[in-house]
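Data first, discussion second: the structure below is written as structure tokens.
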Amino acid sequence: MARRHLGASLASVTKALGQWEAGWRSVQAEAKGPGAHFSKPEHWDAFYEKKARATTDPRAFEWYLDLDEAGPEVIAALRRSPAPTLNPIPHPNPRRNLNLDDLDLGMEVLHVGCGFSGLGAHIASGLGPPTRVVNVDAAPFVVAEMQNRATTQLPKELLKRCRWESWDLGTTPAAAAGHKASYDAVVDKGFLCATLFGGYGHAAVCLWGCIEALRPGGVLLQIAEDPPEQRLDLLRAALPSRSWEVTSTALEGTSGFTYYLYGCRHITGTLSSRCAVVSDGDMSGLVACIGIDAGEVVMEERAAAVWPEPNPFTIQRGPGVHLELAGDMYFTNHSFDPSCEVRFVEDDDDLTLQLVALRRIEIADAITYNYETTEANLMAPFVDAATGQPVEGWSETPST
Ligand SMILES: C[S@@+](CC[C@H](N)C(=O)[O-])C[C@H]1O[C@@H](n2cnc3c(N)ncnc32)[C@H](O)[C@@H]1O
């Protein structure tokens with residue numbers, strides 16, 4: 001499948017961060033003091049070796065915030081914003097009752113600059129199967145040590161969904177490292193902070209690695225010590241607002257320090273980015289990628305054609321007026337307890353069909369409407385698998 005443009009490039013990220021250099025570097029230097037070594041993998045390798053020798057405490061070493069402080073915030077943010085991992089669509093048969101329980105709707109998460117942090121395993125455990133987390137770091141010692149510790153300490157089921165790999169984002173592009181466009185979410189706790197000590201060019205390359213690892217519609221979460229007047233502005237400068245929604249939340253640590261959770265969500269630009277087509281290999285259907293409130297438009301599309309008779313792709317507007325669906329709305333399944341209804345919006349000569357939420361829809365809930373309400377006489381009646389009731393249309397009388 002062709003990859004959609006992320007609305008940013010390494011050059012644009014570097015340029016945007018470069019423009020910050022003069023103003024921000026002085027604030028940074030003042031706040032953090034000199035610390036170029038924090039951006040160097042050799043420093044981290046030595047640091048972690050020392051840490052591992054100094055303590056036999058099996059608990060992970062956490063920067064900034066402990067797991068019970070950072071974990072719930074990160075998991076809540078992931079639940080709010082992910083695009084579920086999508087299965088390929090083997091064949092486009094939308095008919096009619098897809099069993100979502102059989103589908104793999106977990107997230108693929110990349111935990112960058114993981115160090116000794118247990119955040120990756122915490123996310124895998126919190127989101128549950130089949131979510132998988134790949135933890136990467138440029139310091140080979142900590143990667144090997146974490147994989148070893150996980151092998152002896154993590155429950156088998158959790159271990160299957162977590163792994164640790166070496167990846168220096170400053171030197172190896174996402175594609176070369178095998179991570180390009182592979183994740184629904186990238187999570188960074190203190191990673192970009194460390195790379196910023198190596199200068200804006202270096203940080204831009206590392207930030208770009210995170211962006212390139214995301215699938216379209218994915219989310220980058222960062223926990224940082226930098227306050228919004230620095231980091232939020234930097235992210236907004238690096239990621240064009242047209243394509244990215246950037247937010248911040250203050251997190252109060254028990255240490256007395258305030259840290260921040262930054263969320264950068266890639267907006268794919270269409271309403272259909274709110275839902276995705278999934279398939280069990282035989283049937284296809286739509287599921288929500290984000291939480292959607294009652295009354296919100298889930299997706300909309302223009303009628304591709306108007307026919308006097310129904311066909312398998314049509315929704316009836318009135319007697320002898322059947323609007324043909326040509327976009328993703330075609331994949332919507334039928335339900336007698338639907339999550340959405342179809343509305344028509346007329347604008348000059350255009351006729352648009354909208355799917356509107358009838359109730360709150362949670363991530364991975366099915367997007368459905370009641371076919372009995374959208375054609376008087378379905379061209380291909382069928383039996384609803386959930387109720388055993390026939391689905392034929394609202395009238396026995398031919399509509400035309
Ligand atoms: C401040 S520590 C944070 C560690 C961990 N996330 C935590 O919360 O405890 C920064 C981490 O980023 C890693 N790092 C620094 N530069 C890196 C790079 N270019 N590529 C990958 N990891 C890097 C370091 O090895 C270190 O583990």
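This structure is a prediction, so every number in the text was calculated from the model and none was measured. Ligands are counted one by one from 1 in listed order, and the atoms in each one are counted from 1 as well.
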Does the N or O separation between [X] and ligand 1 drop below 3.5 Å for any pair?
{"X": "F116", "result": "no"}
{"X": "H111", "result": "no"}
{"X": "L169", "result": "yes"}

Side-chain ion pair, [X] and [Y], N-O less than 4.0 Å:
{"X": "R360", "Y": "E296", "result": "no"}
{"X": "D337", "Y": "R359", "result": "yes"}
{"X": "K51", "Y": "E49", "result": "no"}
{"X": "K189", "Y": "E62", "result": "yes"}

Parallel, tilted or perpendicular: rings of F47 and W63 (30°, 60°):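 Answer is tilted, since the angle falls between 30° and 60°.
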
What class does the angle between the rings of F38 and F197 fall in, given that below 30° is parallel, 30 to 60° is tilted and above 60° is perpendicular? tilted

So is Y64 close enough to ligand 1, meaning a heavy atom under 4.0 angstrom away?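 Contact absent.
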
May I ask whether F47 places a heavy atom under 4.0 Å from ligand 1? no

[atom] - nearest protein heavy atom and its distance:
{"atom": "atom 5 (C) of ligand 1", "value": "C114 O, 3.2 Å"}
{"atom": "atom 26 (C) of ligand 1", "value": "Y48 OH, 3.4 Å"}
{"atom": "atom 12 (O) of ligand 1", "value": "G113 CA, 3.6 Å"}
{"atom": "atom 22 (N) of ligand 1", "value": "A138 N, 3.2 Å"}
{"atom": "atom 13 (C) of ligand 1", "value": "D137 OD2, 3.4 Å"}
{"atom": "atom 19 (N) of ligand 1", "value": "D168 OD1, 2.9 Å"}
{"atom": "atom 1 (C) of ligand 1", "value": "G190 O, 3.4 Å"}
{"atom": "atom 17 (C) of ligand 1", "value": "F191 CE1, 3.5 Å"}

ILVMFWY network linking F344 to V298, side-chain heavy atoms under 4.5 angstrom: yes

Numbering the atoms of ligand 1 from 1, which are under 4.0 Å from a heavy atom of [X]?
{"X": "E62", "value": "9 (O)"}
{"X": "G115", "value": "27 (O)"}
{"X": "G170", "value": "19 (N)"}
{"X": "S117", "value": "5 (C), 7 (C), 8 (O), 9 (O)"}

For ligand 1, does [X] get within less than 4.0 Å through its side chain, its backbone, both, or neither, judged by non-hydrogen atoms?
{"X": "W167", "result": "backbone"}
{"X": "F61", "result": "backbone"}
{"X": "W63", "result": "both"}

Tell me which donor-acceptor pairs under 3.5 Å the side chains of residues 118-130 have, and how far apart each pair is, sequence neighbours excluded?
none

Looking only at the side chains, is there a donor atom on one of D384 and T387 sitting less than 3.5 Å from an acceptor on the other?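 Note: D384 and T387 side chains meet the donor-acceptor criterion.
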
Pair E375, H322: side-chain N/O donor-acceptor within cut-off below 3.5 Å: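 The criterion, which ignores hydrogens and geometry beyond distance, is satisfied for H322 and E375.
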
Is a side-chain N or O of D226 found less than 3.5 angstrom from the main chain of Q230, in a donor-acceptor match? no

Quick one: ring-ring contact (aromatic ring centres under 6.0 Å, His included) partners of W167, sequence neighbours excluded?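 Here the qualifying residues are H179.
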
